[in-house]
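Before any comments, here is the structure.
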Protein chains: 2
Amino acid sequence: MAKLSIKDIAQRCNTSITTVSFVLNGKADEKRISVELKEKILKTIEDTGYKQNQFARGMRTGKTNIIGLIIEDISNAFFSAVARIIEEDAYKRGYKIIYCSTDDNTEKTKELIKLFVERNLDGYIITPPKGVEDEIQSLIDRKIPVVLFDRYFPGLETDYVVVDNFNTSKKAVQHLFDSGFEHIALVTTSSDQNQMLERLNGYEKTILENGKEPKILKIPFTCSPEQSVKEIVTYLKENKEVDAIFFSTNYLAFKGLEAINQLKLTIPDDFAVVAFDDQDFFRIYNPSITAVAQPVRDISLKLIDIILQKMNSEEKLVEKVVLSTNLIVRDSSVKRCIK
Amino acid sequence: MAKLSIKDIAQRCNTSITTVSFVLNGKADEKRISVELKEKILKTIEDTGYKQNQFARGMRTGKTNIIGLIIEDISNAFFSAVARIIEEDAYKRGYKIIYCSTDDNTEKTKELIKLFVERNLDGYIITPPKGVEDEIQSLIDRKIPVVLFDRYFPGLETDYVVVDNFNTSKKAVQHLFDSGFEHIALVTTSSDQNQMLERLNGYEKTILENGKEPKILKIPFTCSPEQSVKEIVTYLKENKEVDAIFFSTNYLAFKGLEAINQLKLTIPDDFAVVAFDDQDFFRIYNPSITAVAQPVRDISLKLIDIILQKMNSEEKLVEKVVLSTNLIVRDSSVKRCIK
DNA sequence: TAGGGATACTAAAATGATTTAGCAATATTA
DNA sequence: TAATATTGCTAAATCATTTTAGTATCCCTA
């Protein structure tokens with residue numbers, strides 16, 4: 001069974017390629033194709049199982065129906081959860097997803113964007129590392145739909161979906177104060193991406209509002225897992241007064257728990273702990289870990305909504321979405337009643 | 001700046017489209033293009049930043065340089081780790097990955113395969129749910145490269161990469177006996193996929209070899225998280241003699257830990273625990289959880305190797321790879337010395 | 001010096017769709 | 001009844017590439 005082309009369908013129906021094409025593209029009415037002929041063509045397509053050749057189609061229309069998902073790390077629970085929902089929803093609407101991880105590496109990301117653009121993807125969902133402003137701007141200039149998430153570039157007029165990092169931090173840190181902890185440290189990355197800065201600012205503001213001194217440990221993204229744990233261990237040894245820690249990412253919270261284990265200290269007696277990004281792990285851990293839950297589902301659906309809307313209309317309105325988070329208080333941030 | 005085509009390059013070099021195409025496809029020598037002309041063309045391409053149009057190319061060659069990754073669930077730590085490595089390696093070699101999750105749903109998977117085939121992907125890496133034998137066979141018949149992983153169909157002559165589930169189970173269960181536990185239960189899915197059956201068989205064999213009775217709890221994949229936990233709780237209440245549990249998947253181990261927490265029981269005093277699939281979580285948990293580590297990196301690289309080799313050669317040899325696993329003994333499966 | 005072979009290149013077909021411009025037949029209006 | 005509008009359809013250009021089947025030129029040899 002050789003592959004069927006539109007020509008074969010036309011021949012079987014004693015009509016022209018043009019007419020079949022019109023029917024295929026839902027332009028039968030607009031182009032005044034008679035109902036009988038339309039039905040006949042549709043039936044033939046159904047019977048033969050004919051499928052349009054996507055290359056030929058893409059060649060004319062320049063459309064692929066593929067969205068590029070360029071995220072920091074597909075193996076991170078937060079990003080893979082988002083990827084999962086985006087993928088699912090995109091498929092339902094007839095789009096496919098090509099994905100890749102940036103490792104938050106600027107050069108890698110630039111290359112990936114170039115690679116994807118060569119492939120004529122229809123739209124991009126990106127968690128940009130720093131330094132790719134020009135590439136993003138160039139996409140926008142070329143009228144290629146883009147939406148950023150998790151972070152954005154304040155100087156760039158782009159669509160994005162983020163959470164309210166500043167107030168989330170405030171809420172988390174204030175909760176620790178309210179629970180009776182006094183010397184609250186922040187463990188964060190040394191990244192100067194805006195979401196990280198906002199988490200940092202929220203922390204500092206709350207610390208100062210409570211008349212305390214900020215205590216911050218920054219760990220580079222490139223730091224190896226072992227080294228990260230070591231740094232936290234060292235920091236905690238050298239700052240004995242610290243009685244609570246706010247981790248600005250889920251993976252740093254992991255490292256922190258390892259560090260506390262290594263020190264043979266306990267939560268929340270020695271340290272209270274709050275993490276950014278909730279996940280099953282934190283609920284099951286002993287003690288359960290207080291965390292800030294990002295609205296993964298809302299973020300994902302909003303991303304798809306925006307990108308599809310941009311892909312299917314000429315309108316140039318820019319949508320900036322800031323979602324709020326949910327502090328889930330668990331055992332790790334509440335002082336135990338010593339009986 | 002309008003988009004450049006091969007025609008523009010040809011004009012700038014005062015040569016033909018054909019010649020440029022030969023140079024582009026590395027056939028310059030074969031087709032006896034003079035070195036000077038070749039250099040000139042290459043330089044022009046470099047200078048102008050010309051890129052081949054992938055549609056037109058795909059239309060002629062039928063090649064997309066895209067591999068379809070069809071896995072059970074991208075948000076599962078094991079699969080996302082594999083996806084991460086595959087993606088990374090594929091990019092390095094000039095291939096892109098389109099992915100999707102099957103949810104282990106037969107109908108969904110069939111649709112996905114159909115969808116991908118319409119897009120003319122060059123190859124497929126699949127964790128098949130049951131019931132898609134015909135679709136896989138049809139890919140093979142059409143000479144489309146496929147490699148399965150995590151599981152396979154014994155009746156089908158396909159390439160695959162799996163771990164030695166039977167002996168892994170044996171090793172895990174025997175370890176529990178060796179550590180002094182006597183009534184070892186298995187918590188597994190009710191799936192009859194071959195990897196699950198082998199894990200089950202390995203368990204039963206070892207139990208019988210040690211002169212004991214198998215105790216098995218099966219939980220359907222479709223069971224909700226809450227319900228799963230409830231089932232385990234009930235089972236443990238009704239089988240008081242059980243002193244150790246082997247979980248056949250990582251997510252079941254999660255449920256099991258939750259169940260044990262709910263029962264306010266402790267590991268390993270009340271139950272020893274061993275899980276299938278290692279992850280950070282198990283190392284950090286209190287107590288740390290003994291787990292069987294699949295060689296994620298080896299699995300991923302082998303998958304890419306096989307699929308690329310099949311994509312780039314006519315040879316029909318079928319590669320069946322069975323990798324061994326690594327039992328990582330941690331606190332959850334070793335009796336404490338009561339001092 | 002005719003014929004063969006190597007060298008360096010190219011014209012044109014083919015791939016499978018979309019879309020513009022337009023044609024023929026019929027219906028409607030002035 | 002002639003002009004115009006509507007209906008229903010199609011020929012052919014176009015998209016950017018690969019690849020087949022050449023051609024023209026030069027060199028060598030018998």
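Order of the sequence lines sets the chain letters (A, B, ...), proteins ahead of strands, with each chain counted from 1.
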Quick one: is [X] getting a side-chain N or O under 4.0 Å of the [N] phosphate, OP1 or OP2?
X	N	answer
B:Q54	D:dA16	no
B:K27	D:dT18	no
A:T18	C:dT18	no
A:S16	D:dC9	no
A:R32	D:dT7	yes
B:R60	D:dT19	no
A:N53	C:dT15	no
A:S21	C:dT18	yes
A:S34	D:dC9	yes
B:S5	D:dA16	no

What's the [atom1]-[atom2] distance between [X] and [N], to the nearest Å?
X	N	atom1	atom2	answer
A:I6	D:dT10	CD1	P	12 Å
B:L24	C:dC9	CG	P	16 Å
B:Q52	D:dC15	CD	P	18 Å
A:K7	D:dA11	NZ	C1'	14 Å
B:F55	D:dA16	CZ	C1'	11 Å
B:I17	D:dT20	CD1	P	17 Å
A:I45	C:dA17	CD1	C1'	13 Å
A:I33	D:dC9	CD1	C1'	6 Å

Inspect the contact between [Y] and [X] and indicate whether a charged nitrogen and a carboxylate oxygen are less than 4.0 angstrom apart.
X	Y	answer
A:D122	A:K96	no
A:K302	A:D159	no
B:R12	B:D8	no
A:D103	B:R84	yes
B:E36	B:K40	no

* Asked: Going through the distances and angles, do B:S75 and B:D73 end up as a side chain to side chain donor-acceptor pair (under 3.5 Å)?
  -> CA-CA 5 Å; B:S75 65; B:D73 179 5; 2.8 Å; yes

* What nucleic acid atoms does B:F22 come within less than 4.0 Å of, heavy atoms only: base, sugar-phosphate, or nothing? ->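 Contact class for B:F22: base.
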
* Asked: Base, sugar-phosphate alone, or nothing: which one does A:K51 contact when heavy atoms must sit under 4.0 Å apart?
  ->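 Sugar-phosphate, backbone atoms only, no base.
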
* For B:A56 and for B:K31, locate the closest nucleotide of DNA chain D by heavy-atom distance; then report the residue assigned to the nucleotide nearer the 5' terminus. =>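 Nearest-nucleotide comparison on DNA chain D picks B:A56.
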
* Report the nucleotide, chosen from D:dT10, D:dC15, D:dT18, that has the shortest atom-to-atom distance to any side-chain atom of A:M59. =>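 Of the candidates, D:dC15 comes closest.
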
